[in-house]
Amino acid sequence: MYGNLWEYEHISNAYDRILDTKVGYGNYQRILLFFLGLTYATNQSSILAIFISIPSIQKEWNLNILELAIIASSIFLGISFGQIIGDILSKYFGRRITLLISSTLHAAFGLLISFDSSWTWLSFMTFISGVSFGLTFVIPTFLGEVMPTGRRSRANIIIRSYLVYGALHAIILSKWLFDDLAYSETWRTLICLTTVPSLPVIFVLLKYIQESPKFLILKGEFIQGLNSLAAMGKYNHGDKFAGVGSADNFDLYMWQRKMYGEPDRTKWSDIFQKENRKRSYLLLAIWTGLNFIYYGLAFILPLILSKQEAFGQDHGLNILLFLVFGDIPAIFLIYLLLDKKKLSKKSTMMLCSFCMMLNFTFIVLHQEEYLFWALSLTRTATVVSYLLLQPIIVESFRRSLRRVAFQTITLFSRLSGALIPFFYVGLFHFGDFIPFIGSLAISFIIFCSVYTVSKERVQDEESKGLELDELIGDKEFLDIPYNKLCERRHSSAITG
């Protein structure tokens with residue numbers, strides 16, 4: 001089919017080449033980044049608002065710690081369910097539709113939370129909130145398909161920073177609405193207000209955002225894909241946009257056929273075969289441990305602070321605020337060091353896990369004295385580890401397994417997230433600061449796992465920074481039979 005190596009490479013890179021040279025980067029991607037980031041932010045804000053409201057919810061309905069754990073666990077179950085459903089929706093209906101469903105669910109959650117009459121209804125509502133958040137995990141894929149290749153890695157970091165804005169939004173609203181962290185009648189208002197940004201997101205998704213051209217072309221909607229590329233180019237360049245020529249149309253057509261001509265037989269179980277099993281379990285332990293520390297502390301801290309009279313109401317919320325500020329240096333650091341070849345991801349993650357162990361030791365030994373600073377440094381170390389774990393997964397598997405490995409490891413770790421509230425409230429039952437001992441043990445497991453997984457790496461190809469292309473495969477639609485595609489559309493696009 002291909003006359004020489006140059007022709008093969010030319011066709012293989014057709015989509016990215018046209019995206020880089022013809023469509024480019026401009027106002028379309030900037031607006032897309034802002035509103036996709038806003039989608040992340042509003043979901044993160046709602047989850048943190050629920051956690052901040054846990055003491056008020058407990059007091060209003062006189063709940064025991066098991067019932068509180070069920071409410072919080074519903075969020076993590078919803079996130080896992082949303083990720084599974086989102087993968088199916090984005091695969092067959094598109095990235096834009098998936099995000100539209102996510103924002104609509106989130107807005108509905110904000111409205112229906114006002115009508116809750118029992119903790120069981122609230123558990124269902126928090127499950128819906130989790131589903132909404134789980135659906136947003138299609139965002140990195142969407143970005144990877146519309147961003148020029150040189151901007152994908154940093155776009156991922158920029159999007160991650162919006163989680164900080166979402167958390168700040170929730171805490172600032174709580175400082176305005178709450179008179180007492182231990183109980184406030186305005187907790188429903190707090191949660192409702194965190195969902196308001198979903199409304200402009202829905203409007204922009206309907207009126208402005210195009211479906212991913214890559215999705216449309218690979219699925220067989222060739223004309224629609226070309227139109228989407230043209231619309232992006234016009235937003236970026238205006239009347240100067242020359243359009244996608246007939247030669248480019250032919251290259252895209254051949255690229256699409258090439259994708260269908262190379263069937264992908266990988267399954268999620270492949271990463272647990274003998275040659276991959278050890279590194280898969282180690283990476284799963286690392287990601288699960290980071291989930292426990294990151295979300296577990298966000299869940300249990302409002303309960304701990306509400307019981308500490310020495311802190312006072314305002315100081316308790318200030319600690320939560322300062323905890324979120326720990327994300328900022330982490331994102332700034334990774335953004336600067338993203339593509340630095342001298343950056344040792346293994347050594348940096350080991351340093352971060354050691355920092356977590358040290359901070360939890362100080363908290364356990366001195367409790368209130370070091371709580372303020374230790375928690376913020378722990379948050380920084382956790383976020384840095386999260387952002388470094390993605391390229392470590394890239395380097396731990398051969399190219400054909402990278403996408404399925406990343407999806408499987410993250411899904412299993414998020415499913416285990418349903419145990420986070422039960423783990424922390426169980427420890428909290430034995431003492432206010434006992435949860436930090438559990439976090440200390442988890443950080444030690446992360447440290448040992450990072451040290452061991454470094455010996456399990458397989459680098460059959462060079463990887464760079466947080467390159468999203470390593471995790472966003474071109475072969476996502478290969479299980480759609482080729483005979484379902486409309487050849488007439490391709491032919492008319494080329495001849496036209």
Side-chain angles (χ1 to χ4, degrees), residues 35 38-63 66-86 88-89 93 96-139 163 166-167 169-174 176-178 183-206 295 298-299 302 414 417-418 420-421:
F35 283 97
L38 193 59
T39 304
Y40 261 162
T42 184
N43 279 275
Q44 176 82 342
S45 182
S46 294
I47 289 177
L48 187 55
I50 293 169
F51 290 162
I52 293 173
S53 302
I54 284 291
S56 300
I57 294 169
Q58 181 185 30
K59 191 167 185 179
E60 180 168 321
W61 287 322
N62 194 26
L63 303 180
L66 178 60
E67 291 165 336
L68 286 179
I70 291 173
I71 292 173
S73 180
S74 299
I75 298 175
F76 297 104
L77 286 175
I79 291 174
S80 301
F81 183 75
Q83 182 181 355
I84 296 171
I85 297 300
I88 297 171
L89 289 174
F93 300 100
R96 176 174 166 271
I97 293 296
T98 304
L99 292 175
L100 188 59
I101 293 173
S102 171
S103 297
T104 304
L105 276 178
H106 196 240
F109 160 73
L111 176 65
L112 294 175
I113 197 71
S114 305
F115 300 100
D116 66 327
S117 56
S118 66
W119 72 271
T120 53
W121 173 256
L122 181 61
S123 298
F124 175 71
M125 285 292 96
T126 56
F127 176 81
I128 296 299
S129 177
V131 171
S132 171
F133 195 22
L135 292 173
T136 64
F137 294 153
V138 72
I139 287 178
L163 295 176
H169 180 229
I171 294 174
I172 291 171
L173 282 175
S174 65
W176 174 49
L177 292 171
F178 279 28
Y183 178 71
S184 175
E185 294 180 350
T186 58
W187 64 268
R188 291 179 182 82
T189 304
L190 170 65
I191 297 174
C192 184
L193 288 178
T194 59
T195 66
V196 171
S198 292
L199 299 177
V201 171
I202 293 173
F203 176 80
V204 171
L205 284 170
L206 287 172
Y295 288 107
F299 163 70
R414 283 168 183 139
I420 293 175

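- Under the 30°/60° scheme for interplanar angles, the aromatic rings of F81 and F127 are found to be tilted.
- You'll find the side chain of T39 stays beyond 4.5 Å of the side chain of L205, heavy atoms only.
- For the atom pair CD1 (I191) and CG (L48), the distance works out to 10.5 Å, reported to the nearest 0.5 Å.
- Taking each heavy atom of L163 and Q44 in turn, the nearest pair found is O-CG, 3.4 Å.
- Side chain of T42 to main chain of T194: a donor-acceptor pair is present (N/O by atom type, distance under 3.5 Å, no hydrogens or angles).
- In this structure, the side chain of T136 does not engage the main chain of Y40 through any donor-acceptor pair within 3.5 Å.
- Under the 30°/60° scheme for interplanar angles, the aromatic rings of F133 and F137 are found to be tilted.
- Of all the heavy atoms in A49 and A170, the pair that sits closest is N-CB, 4.1 Å.
- Between V131 and I79, every side-chain heavy-atom pair lies at or beyond the 4.5 Å cut-off.
- For the residue pair S53 and W187, the shortest heavy atom distance occurs at OG-CB, 3.5 Å.
- If you take CG on L135 and CG on N43, they are separated by 9.0 Å, rounding to the nearest 0.5 Å.
- Taking OG of S102 as the reference point, atom CD1 of I139 lies at 7.0 Å (rounded to 0.5 Å).
- Side chains of W61 and E67: a donor-acceptor N/O pair is absent below 3.5 angstrom, by distance only.
- Smallest separation of non-hydrogen atoms from P200 and F35: O-CE2, 4.1 Å.
- Using a 4.5 Å cut-off on side-chain heavy atoms (C-beta onward), I113 and T195 make no contact.
- The only member of I97, T104, L99 that meets side chain to side chain contact (heavy atoms under 4.5 Å, CB included) when paired with I101 is I97.
- With H106 as the partner, the side chain to side chain donor-acceptor pair (under 3.5 Å) test is satisfied by one option alone out of S129, S198, S132: S198.
- Rounding to the nearest 0.5 Å gives a distance of 13.0 Å between CD1 of I128 and OG of S46.
- To the nearest 0.5 Å, atom CD1 of residue I57 and atom CZ of residue R188 are 8.5 Å apart.
- For the pair L193 and W176, the minimum side-chain heavy-atom distance is below 4.5 Å.
- Here the closest non-hydrogen pair linking A418 and S73 is O-OG, 2.7 Å.
- Between the side chain of S80 and the backbone N or O of R414, at least one donor-acceptor pair lies under 3.5 Å.
- A donor-acceptor pair under 3.5 Å is formed between the side chain of T126 and the backbone N or O of I71.
- The backbone N or O of W119 sits less than 3.5 Å from a side-chain atom of S123, completing a donor-acceptor pair.
- Checking side-chain atoms of S45 against main-chain N and O of A41 turns up no donor-acceptor pair under 3.5 Å.
- Scanning all heavy atoms of the two residues, the minimum distance from L206 to R96 falls at O-NH2, 3.4 Å.
- With values rounded to the nearest 0.5 angstrom, F178 atom CZ is found 7.0 Å from I52 atom CD1.
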